[in-house]
Amino acid sequence: MATAADHFTVDGYAFLRLFDKKKLESRAADKFQFRPNDVVVASFPKSGTTWLIEILKAMYGDWGLLKVGHSESAIFLEEQTLYSSYLGKIRQHVVETINIDDLPSPRLIYTHLPATIFPCQALKDKGVKLIYICRNPKDVVVSQYYFWKAFIKGAYSTGSWEQTLQSFQESRLQLTPWVRHVGDWYQKGIKDNVLHVTYEEMKEDLPRVVDKIAEFLQRPVTKEDIERVVTTTAVDAMRNKLSNLAFVDEGMVSEGENPFVRKGTVGDWKNHFTVAQSERFDAIIGEKVKSVNRNIPYQ
Ligand code: PPS
C-alpha cells in the first residue's frame with residue numbers, strides 16, 4: 001500500500017508519487033501564465049492554508065475561482081502543472097476542462113511548492129503577490145498525521161504517530177525537509193512581493209492580520225469586512241462550510257469528517273508528543289529553526 005512516506009526527491013525535497021518527476025525536474029510550473037493581479041497563498045502543508053484562503057475569500061468577493069463539485073476553490077498550482085494523476089474524478093474534470101485563463105481577475109492561487117521550485121520570477125516580472133503562512137512544526141506534524149489517516153480513507157496513511165514523526169524528522173514526508181521549506185521562503189520579504197503571516201498570530205489577533213494583508217494587497221477593508229472575516233472563518237463555521245468539498249462528493253472522505261478543518265488550535269502537539277519525542281524534535285528541527293529566522297513560530 002502506498003503511504004505518504006513513499007516518495008522521490010527533487011532538489012532535495014520529498015514528493016509523493018502523485019507528482020510527475022519529469023515535470024518537476026523540468027520546472028514545468030514555470031510555464032504557468034501568471035497575471036499581475038494574481039494572489040498566491042503558499043505554505044508547507046497543514047499550516048493553515050485553507051483557513052487563509054477562506055479569509056481572503058471573505059475579505060473580497062471578486063476572486064476568479066474554480067467551481068469544484070459544490071464548492072468554489074482557489075487554483076492549485078501543482079495540480080495544474082505538476083501532477084501525473086488527479087486525486088479524484090471531479091478534480092480531474094476541473095483540470096482537464098476548465099481553462100483557468102478564462103477565469104476573471106483577480107485569481108486566487110495556492111501552492112505548497114518550495115521557493116526553489118515555485119516560479120519566483122513571476123513575483124518580480126508580473127508583480128504577483130504571495131502570502132506565505134507558517135505554523136509551529138510540532139502542530140504541523142500532528143495535523144499531518146490525522147490528515148493522512150483520514151484522507152482517501154487512509155490510502156496514504158503515514159502509519160502510527162511515532163512512525164509519522166520519524167518520517168517527518170527524516171524528511172520522508174511530502175515536501176519535507178520542513179526547515180528548508182520555511183527557511184527558503186523566509187529569505188524573501190515584502191521587497192520580493194512576499195508577505196509572511198503565521199497561524200499563531202491569526203489565532204491570536206485575526207483582525208490585525210487581516211489589516212496587514214489588506215495593506216500588502218493595497219485593497220483596503222472596512223470594519224464590517226473584518227467582522228465578517230472573523231465570523232465566517234471561525235473553526236466551526238468553516239467546518240460546516242467545507243463539509244461539501246468535492247472530496248466528500250466523491251466518497252474520498254467520510255461524510256462529517258473533514259481533514260481540512262480538524263481541531264484548529266494552537267499547541268495540540270502537547271497532547272501527542274512525549275517529553276522524549278519533543279526533546280528529540282527540538283534537537284533535530286528546533287536547533288536549526290533558530291539559525292534560520294527568529295520570526296518562525298516554534299515551541
Ligand atoms: S492543507 O491540506 O495542507 O491545505 O491543510 P491546511 O489548510 O494548510 O491546514 C489544516 C490545518 O488548519 C486548521 N484549520 C483552521 N484553524 C483555525 N481556524 C480555521 N478556520 C481553520 N480551518 C482549518 C485545520 O484544522 C488543520 O489543523 P489541525 O491542527 O489538524 O486542526
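One-based numbering, in listed order, for ligands and for the atoms of each.
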Salt bridge (Lys or Arg N to Asp or Glu O under 4.0 Å) pairs touching residues 60-69, sequence neighbours excluded, are Asp62-Arg219, Lys67-Glu72
* **Lys/Arg-Asp/Glu bridge criterion (N-O < 4.0 Å) met for Glu200, Lys203** => no
Those residues at least two apart in sequence (or on a different chain) that pass ring-ring contact (aromatic ring centres under 6.0 Å, His included) with Phe32 are Phe34
Sequence neighbours left out, cut at 3.5 Å: what donor-acceptor pairs do the side chains of residues 207-214 make with other protein atoms?
{"unit_1": "Lys212", "atom_1": "NZ", "unit_2": "His196", "atom_2": "O", "d": "3.4"}
{"unit_1": "Lys212", "atom_1": "NZ", "unit_2": "Glu201", "atom_2": "OE1", "d": "3.2"}
{"unit_1": "Lys212", "atom_1": "NZ", "unit_2": "Glu201", "atom_2": "OE2", "d": "3.2"}

- [ ] Would you kindly confirm whether Ile190 and Ile296 end up in one hydrophobic cluster when ILVMFWY residues are joined by side chain heavy atoms under 4.5 Å apart?
- [x] yes
Could you check ligand 1 for N or O atoms lying under 3.5 Å from protein N or O atoms and list the pairs with distances?
{"unit_1": "ligand 1", "atom_1": "2 (O)", "unit_2": "Lys46", "atom_2": "NZ", "d": "2.8"}
{"unit_1": "ligand 1", "atom_1": "3 (O)", "unit_2": "Lys46", "atom_2": "N", "d": "2.8"}
{"unit_1": "ligand 1", "atom_1": "3 (O)", "unit_2": "His112", "atom_2": "NE2", "d": "3.4"}
{"unit_1": "ligand 1", "atom_1": "5 (O)", "unit_2": "Lys46", "atom_2": "NZ", "d": "3.0"}
{"unit_1": "ligand 1", "atom_1": "7 (O)", "unit_2": "Thr49", "atom_2": "N", "d": "3.4"}
{"unit_1": "ligand 1", "atom_1": "7 (O)", "unit_2": "Thr50", "atom_2": "N", "d": "2.8"}
{"unit_1": "ligand 1", "atom_1": "7 (O)", "unit_2": "Thr50", "atom_2": "OG1", "d": "2.5"}
{"unit_1": "ligand 1", "atom_1": "8 (O)", "unit_2": "Lys46", "atom_2": "N", "d": "3.2"}
{"unit_1": "ligand 1", "atom_1": "8 (O)", "unit_2": "Ser47", "atom_2": "N", "d": "3.1"}
{"unit_1": "ligand 1", "atom_1": "8 (O)", "unit_2": "Gly48", "atom_2": "N", "d": "3.0"}
{"unit_1": "ligand 1", "atom_1": "8 (O)", "unit_2": "Thr49", "atom_2": "N", "d": "2.8"}
{"unit_1": "ligand 1", "atom_1": "8 (O)", "unit_2": "Thr49", "atom_2": "OG1", "d": "2.4"}
{"unit_1": "ligand 1", "atom_1": "9 (O)", "unit_2": "Gly48", "atom_2": "N", "d": "3.3"}
{"unit_1": "ligand 1", "atom_1": "16 (N)", "unit_2": "Tyr199", "atom_2": "OH", "d": "2.7"}
{"unit_1": "ligand 1", "atom_1": "20 (N)", "unit_2": "Trp51", "atom_2": "NE1", "d": "3.4"}
{"unit_1": "ligand 1", "atom_1": "20 (N)", "unit_2": "Thr233", "atom_2": "O", "d": "2.7"}
{"unit_1": "ligand 1", "atom_1": "25 (O)", "unit_2": "Arg262", "atom_2": "N", "d": "2.7"}
{"unit_1": "ligand 1", "atom_1": "25 (O)", "unit_2": "Gly264", "atom_2": "N", "d": "3.4"}
{"unit_1": "ligand 1", "atom_1": "27 (O)", "unit_2": "Arg135", "atom_2": "NH1", "d": "3.1"}
{"unit_1": "ligand 1", "atom_1": "27 (O)", "unit_2": "Ser143", "atom_2": "OG", "d": "3.3"}
{"unit_1": "ligand 1", "atom_1": "29 (O)", "unit_2": "Arg135", "atom_2": "NH1", "d": "3.4"}
{"unit_1": "ligand 1", "atom_1": "29 (O)", "unit_2": "Arg135", "atom_2": "NH2", "d": "2.9"}
{"unit_1": "ligand 1", "atom_1": "29 (O)", "unit_2": "Arg262", "atom_2": "NH2", "d": "3.3"}
{"unit_1": "ligand 1", "atom_1": "30 (O)", "unit_2": "Ser143", "atom_2": "OG", "d": "2.6"}
{"unit_1": "ligand 1", "atom_1": "30 (O)", "unit_2": "Arg262", "atom_2": "NE", "d": "2.7"}
{"unit_1": "ligand 1", "atom_1": "30 (O)", "unit_2": "Arg262", "atom_2": "NH2", "d": "3.4"}
{"unit_1": "ligand 1", "atom_1": "31 (O)", "unit_2": "Lys263", "atom_2": "N", "d": "2.8"}
{"unit_1": "ligand 1", "atom_1": "31 (O)", "unit_2": "Gly264", "atom_2": "N", "d": "2.7"}

Review point. Less than 4.0 Å between a side-chain N and a carboxylate O, is that true for Lys288 and Asp282?
Key: no
